[in-house]
Structures are given as C-alpha cells and as structure tokens.
Amino acid sequence: MANLNEQWTNVLEILKKEIPSTTFSTWVIPLVPSTLEDNKLTLLSPHGFTNQTLKISYGDVITKALTEVTGMPVTFEIIQDKTLAENFEKESKKLKKEEQKKSVEKFAESKYDGLKQMVSDCHLNTKYRFDNFVVGGYNKLAYGAALGVSEGKVNDRFNPLFIYGGSGLGKTHLMQAIGNYIMTKKKAKVRYVTTEEFLNDLLENLYKGVEKDTFSKGSEKNKRMTKFRQKYRDVDVLLIDDIQFVSGKARMEEELFNIFDALYQAGRQIVLTSDRLPADIPGISERLKTRFEWGLMADIGVPDLETRMAILKQLIEKDGNIDFSLEVLEFLATVYKNNIRELEGAYNKVCAYCSICDEEPTLETVKKALNYNASTKINSKKIIGAVAKHFGLNEKDIVGESRVGQIAKARKIAVYVIRELTGESWQSIGTELGGRKHSTIMYNYDEVKKMTSRDNKLNEEINTLFNIINQM
Ligand code: ADP
Ligand code: MG
C-alpha cells in the first residue's frame, strides 16, 4: 500500500503541472488511492460527481501520468467513499467556522486598532469607564454630573465641570469615563491631558531651540504656539486632570485662561479635576479661580465601607482566579479606607503573594502578604484619644466647637499627628474631627508643620506623642 501511495504522490507531482491549480486542489487532492488490480487503479473520492467531470476533462492527462509512473498502461475509476464524504463534510464545516472566526477576529482587531488609535490621540485609557465605576453616596453627585455631561444634558451650569476630592478616590477614573463615553458614543473629539503634561507641552513649544530670539526663530515659535493652542481648542471636550498644579505658574495660567475662554465661547465642554477647591489652590489668579467656579463643582468624598467592598468585589470578579472570604474582604476594606488606589494596591499585593507562595488567601496569609502589624492599626480615633489625654482634655473637646486656646492647639496637633501617622485624607481627618472642612484641616496641618521648624518645645511635644501612639 505504501508503494501505491508513493506512486500516487508521484502521479500528483505530474498532474499538478497539468491541471489548473483550483481544479487540482479541489478535485484531485482529495482523491485517495485504494487498489491497483489488473492494471486498474481505484480512487476514492468524497464527492459523488467527481468521476465524470475528471474523466471527461482530464482522463487522458491522468492516464498518461499513471502510465509514466507505474511503467505500464493503467486505467482508473473514481468512486465515492462514505467515510471520506463524512469527514469532508465535517472538515469543511470546521473550516468555515474557523474562517468565520478569523474574519470576526480580524474585524474586531481592526476595530480595536481604530479604537486604540482614537484613544491614543485623545490620551485616554479605556480601562476607565462608567460601567466599572462603583457609585455610592460619597461620589453620587460627581457621577451624576459626569454622566450628565457625557450624555449631552449639558447647559452652562455644567461648564466647566470641576471634580474635586482627595487622592486615589476616582477623579481621574470619572474624568476619563466622560472622555471614553463621548468619544465612543458621540464620536466627538476629546482631549485628555494632565496639568503636568500641559505644562511640559507649553514649555517645549515656548522654548524649544530658541536661544536667541531672532526674527525667524520668533516666527517659528509663533507657529508652534498657534499649533499648540489649536490642539487644545480644536476639541469638543477638553479634560484637564489635577489642575491644582497650575498654582504659581503665571504663563500657564494665561494660556489656560485663553483656551478656556475660547472653548467656553464656542460652547465646548471643559472638565477639570483637583485635589481641592479653586479657592484653596494657592497663588491662583482671581480670574482663573472665577472661571473654575463658574460651572458645577462636584466633590468626591471618602467611600463608605459598602462601596469599598463593592470595588473589591468588582476587582475579584474581573480577575476571576482567586476567591476571598467575606472576612478577608472586610479586613481589606476596613484597613484601606481612605484611598481606593491603596485598596487596589493591597488587593494586587495579596493576589501576587498568594500566587507566588501558592497559598489560599486566609486572613492570616493576607496579613502576612501586607506586612500588617500594630503600627498599621493606628487610627485617628486612637490618636485623638492620645492627644486629648496628653493635654488633659476630653476627646469631645478635640472634636467639638470650642476655640479656647489650649483646645484649639490640641486639635491642630491632632490633625498633624493623624496626617503624619496614618496618611489619611484631609476629608477623612475632617470627618473624624467633628465634620470640619478639608480646607481647614489642610490649613491646620500646614500651620503646625511650619511651627515645628521654629518651635523646639512643640517639636518635642509632638515627638512624645508619636512615641506614645506608636507603643499603643
Ligand atoms: P484620583 O484621580 O482621584 O487620584 P483615580 O481615579 O486614579 O483617583 O482612582 C484610583 C484607582 O481607584 C483607579 O484604579 C480607579 O479605577 C479606582 N477607583 C476609584 N474610584 C472608583 C470607583 N468608584 N469604582 C471603581 N474603581 C474606582
Ligand atoms: Mg488622578
């Protein structure tokens, strides 16, 4: 049989040159030599009608090739084989599916590339979307405003939309969700930029290659600056992240002011984020502050436990390869309560630890993975207690309204110590201290910090408090 197969392969070599390639691959290749008896070769075919077609069109060619290879006159017949026919059917179905899949993949790829290109032109990150943004009481207003802007239910009241709140609480996520939504659903032109990137872009265009301000170089610079301004003005939506960094940069303020004006006049949407209110951005010009405050100010506070758990659950669902008990979820969401970025970081660390060490995420393992120790257990409540005790006061005094010298001083020190030892956000410290505004807390902290550099006695007092609290 091996011999017959070999001979048939040689015949195919000849036929390949004689028969047009599509006919050859469609009708000749599927043939299987079965027997060679009495100078007659029987070929099996998956098809029922091959026999006649091939015989009529290429009978002579095939006979000639068979004779050449075997060295004797050989005739042939082609008969349909059931098994071959079934296999052929299956294969062709599979092929069709694969083709289909390939074309779908190709289509998806090209769509994705297109999207990627669009996204990279706008500097957006597609991972930040509304559908994976968890909404709770603390960010409801900001979320609602962001969605309103995206859906185009916009009037001047929302322009600019100014989202403010502490670090790691979802400002960038929400802002980019606006961008991604508008870009994909409305096909509008969006540009996202951080204030730092904007500044670098501005400096580069202002000073690139300009040593002496000769006439020609000056005009080059003008051209560059026109292009620079166009880039930010020629959009439907401009998103500027972390605008608090504009502080103290007069030239940038001026450019921003003009860009805002142009966009605002043209009815284009502007969205800004900041870690504080415009009024609390030091050194910002009055006119820019007024512009910022024109639209809608939406704050993002500190997420409640339920939202923190929901965010964790979402992460786990997305990864889908590790399961956490409720106890572990609660532990993580309680320890990392003021910053979602830190909560995500802790989750990632635990996942990495469990997979590297091949351990289940029990509470013990999780604590080990996070190097969780007594010092992490320090919280603002304990600090308030310790500060009150140190100054011979009640906790109620510290969180209360009294402005009496000693109480006010102890309160400010509590702010400083909490911030230093826990890194909690201004908002959260404000909440712990009887619902004070985060700008007040920031101001208190700065005041104490400044004083410690001059006042040795205060410095000593604070160090004593650090020691007491660290031993708690
Ligand atoms: P900010 O800009 O306020 O510092 P980010 O927007 O960068 O904070 O958020 C930090 C991380 O937390 C991001 O990975 C973000 O996706 C996630 N995050 C923040 N808020 C939410 C939320 N409400 N739902 C889901 N993920 C969130
Ligand atoms: Mg951010």
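It should be emphasised that the depicted structure is a prediction, and the values quoted were computed from it without experimental measurement. Both ligands and their constituent atoms are indexed starting at 1 by order of listing.
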Is the F260 to F292 ring centre distance short of 6.0 Å? yes

Under 4.0 Å from a heavy atom of Y138: which atoms of ligand 1 are those, numbered in the order shown and with their elements? 23 (N)

When distances are taken from atom 6 (O) of ligand 1, the protein heavy atom at minimum range is H173 N, 2.8 Å

In terms of residue, atom name and distance, what is the protein heavy atom nearest to atom 7 (O) of ligand 1? R341 NH2, 3.0 Å

Stepwise side-chain hydrogen bond (donor to acceptor under 3.5 Å, both in side chains) test for D299 and H438: CA-CA 11 Å; D299 82 311; H438 91 299; over 6 Å; no

Under the criterion side-chain hydrogen bond (donor to acceptor under 3.5 Å, both in side chains), I'd like the reasoning laid out for N459 against T452: C-alpha separation, chi angles, the key distance, then a yes or no. CA-CA 5 Å; N459 226 346; T452 52; 4.9 Å; no

Any chance the rings of W294 and Y264 have centres within less than 6.0 Å? yes

Parallel, tilted or perpendicular: which fits the ring planes of F324 and Y347, with parallel below 30° and perpendicular above 60°? tilted

Between the candidates Y143, Y128, F133, Y164, which shows the shortest non-hydrogen contact distance to atom 21 (C) of ligand 1? F133

Residue, atom and distance of the protein heavy atom nearest atom 13 (C) of ligand 1 read E344 OE1, 3.7 Å

Is a donor from one side chain sitting under 3.5 angstrom from an acceptor on the other, for D242 and T195? no

Does T172 reach ligand 1 with a nitrogen or oxygen that is under 3.5 Å from one of the ligand's nitrogen or oxygen atoms? yes

Considering only the protein, which heavy-atom contact is closest to atom 18 (N) of ligand 1, and what is its distance? I340 CG2, 3.5 Å

Among protein heavy atoms, which lies nearest atom 23 (N) of ligand 1, and at what distance? V134 O, 2.8 Å

Would I311 count as a polar contact of ligand 1, with the cut-off being nitrogen or oxygen pairs under 3.5 Å? no

Checking T431 against S428 for the side-chain hydrogen bond (donor to acceptor under 3.5 Å, both in side chains) test, could you report, in this order, the C-alpha distance in whole Å, the side-chain angles of both residues, the deciding distance, and whether it holds? CA-CA 5 Å; T431 313; S428 155; 5.7 Å; no

Which ligand 1 atoms does N139 reach within 4.0 Å, using its non-hydrogen atoms? 23 (N)

Does the N or O separation between S167 and ligand 1 drop below 3.5 Å for any pair? no

Are Y192 and F198 close enough that their ring centres sit under 6.0 Å apart? no

Min over G166, G168, A310 of heavy-atom distance to atom 4 (O) of ligand 1 lands on G168

Looking only at protein heavy atoms, what sits closest to atom 25 (C) of ligand 1 is N132 O, 3.3 Å

Output yes when K457 and D455 qualify as a salt bridge under the 4.0 Å nitrogen-oxygen rule, no when they do not. no

Would you mind running through ligand 1 and noting each atom that sits below 4.0 Å from a heavy atom of L169? 1 (P), 3 (O), 8 (O), 19 (C), 20 (N)

Would you check, one step at a time, whether the test side-chain hydrogen bond (donor to acceptor under 3.5 Å, both in side chains) holds for Y445 with E420? CA-CA 9 Å; Y445 173 85; E420 285 296 308; 2.6 Å; yes

Which heavy atom of the protein is the closest neighbour of atom 19 (C) of ligand 1, given with residue, atom name and distance? G170 CA, 3.4 Å

Does the N or O separation between V135 and ligand 1 drop below 3.5 Å for any pair? no

Backbone or side-chain N/O/S of T172 under 2.8 Å of the Mg ion (ligand 2): yes

Got a salt bridge between D234 and K189, using NZ or NE/NH1/NH2 to carboxylate O under 4.0 Å? yes

For the residue pair Y128 and H173, categorise the inter-ring angle as parallel (less than 30°), tilted (30 to 60°) or perpendicular (more than 60°). tilted

Check this for me - ligand 1, K127, N or O atoms closer than 3.5 angstrom, yes or no? no

Please work out whether any backbone atom (N, CA, C, O) or any side-chain heavy atom from C-beta onward of T307 is under 4.0 Å from ligand 1, and answer side chain, backbone, both or neither. neither

